[in-house]
Trainee: 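The structure is given below, and queries will be raised subsequently.
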Amino acid sequence: MEFLVLGYDGTDEAALERRLAARGAHLEQAKRRFDSGHFLYAAGILDAGGTMIGSMFVVDFPSREAIESD
């Protein structure tokens, strides 16, 4: 079953700095999940000015519980 997973960044002044600091680990984790076949595609969520404010993933898991335990 396919699911759309949305993750939004914080809205405080340090949110973009935290996003950039976590980017390497985020991409490494995403690669592992794509390689497992569970993640189908992903994209950044941008605000009207083009700044990344979150991420979206389309994933394939048997249930929501399986997503949360991955």
Side-chain angles (χ1 to χ4, degrees):
M1 181 178 299
E2 293 179 3
F3 294 87
L4 173 63
V5 179
L6 301 173
Y8 287 94
D9 297 345
T11 57
D12 59 281
E13 290 184 18
L16 182 58
E17 182 179 331
R18 284 194 309 277
R19 168 178 268 284
L20 296 176
R23 184 167 171 76
H26 173 77
L27 293 175
E28 182 179 309
Q29 189 178 77
K31 181 182 181 337
R32 178 182 59 82
R33 290 182 167 144
F34 278 105
D35 290 347
S36 76
H38 289 296
F39 278 39
L40 305 177
Y41 54 93
I45 300 171
L46 307 178
D47 67 10
T51 300
M52 289 183 73
I53 60 169
S55 300
M56 60 74 62
F57 296 89
V58 175
V59 300
D60 186 15
F61 282 90
S63 67
R64 182 177 176 158
E65 293 77 20
I67 296 169
E68 293 173 354
S69 68
D70 182 51

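Computed from a prediction, not measured in an experiment: that's the story for all the values here. Computation of the quantities below employed the complete heavy-atom set of this structure, encompassing side-chain atoms and omitting hydrogens, waters and symmetry-equivalent molecules.
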Trainee: Which residues satisfy the side chain to side chain donor-acceptor pair (under 3.5 Å) test with R23, sequence neighbours excluded?
Mentor: none
Trainee: For A21, what residues pass the side-chain contact (heavy atoms from CB on, under 4.5 Å) criterion, not counting sequence neighbours?
Mentor: none
Trainee: Kindly write out the residues that satisfy side-chain contact (heavy atoms from CB on, under 4.5 Å) with A42, not counting sequence neighbours, or none if the list is empty.
Mentor: F34, F57
Trainee: Can you tell me how far apart CG (D12) and CD (E17) are? Round to the nearest 0.5 Å.
Mentor: 10.0 Å
Trainee: Do L6 and I53 share a hydrophobic cluster (ILVMFWY, side-chain heavy atoms under 4.5 Å, transitive)?
Mentor: yes
Trainee: In Å and rounded to the nearest 0.5 Å, what is the CZ to CD1 distance from F39 to I67?
Mentor: 8.5 Å
Trainee: Would a single hydrophobic cluster contain both V58 and L27, if residues Ile, Leu, Val, Met, Phe, Trp and Tyr are joined by side-chain heavy-atom contacts under 4.5 Å?
Mentor: no
Trainee: Whether the side chain of R33 engages the backbone of D70 through a donor-acceptor N/O pair (distance < 3.5 Å, no angle test) should be reported.
Mentor: yes
Trainee: Could you pull out all residues at least two apart from S63 that satisfy side-chain contact (heavy atoms from CB on, under 4.5 Å)?
Mentor: E65, A66
Trainee: Among all residues two or more places apart in sequence or in another chain, which pass the side-chain contact (heavy atoms from CB on, under 4.5 Å) test with A48?
Mentor: none
Trainee: State which residues pass salt bridge (Lys or Arg N to Asp or Glu O under 4.0 Å) with R32; sequence neighbours excluded, sorted by chain then number.
Mentor: none
Trainee: Starting from L46, walk the hydrophobic network (Ile, Leu, Val, Met, Phe, Trp, Tyr; side-chain heavy atoms closer than 4.5 Å) and list everyone else you reach, by chain and number.
Mentor: M52
Trainee: Restricting to side chain to side chain donor-acceptor pair (under 3.5 Å), what partner residues turn up for R64, sequence neighbours left out?
Mentor: E68
Trainee: Tell me whether M1 is reachable from V5 by hopping between hydrophobic residues (I, L, V, M, F, W, Y) whose side-chain heavy atoms are closer than 4.5 Å.
Mentor: yes
Trainee: Who pairs with F61 by ring pair (Phe, Tyr, Trp, His ring centres under 6.0 Å), at least two apart in sequence or on another chain?
Mentor: H38
Trainee: List the atom of G10, the atom of A15, and the distance in Å for their closest heavy-atom pair.
Mentor: O-CB, 3.1 Å
Trainee: Can you sort out the partners of D47 under side chain to side chain donor-acceptor pair (under 3.5 Å), two or more places apart, ordered by chain and number?
Mentor: none
Trainee: Quick one: list whatever passes ring pair (Phe, Tyr, Trp, His ring centres under 6.0 Å) with Y8, sequence neighbours left out.
Mentor: none
Trainee: Any side-chain hydrogen bond (donor to acceptor under 3.5 Å, both in side chains) involving residues 51-61? Give me the pairs, sequence neighbours left out, ordered by first then second residue.
Mentor: R19-S55
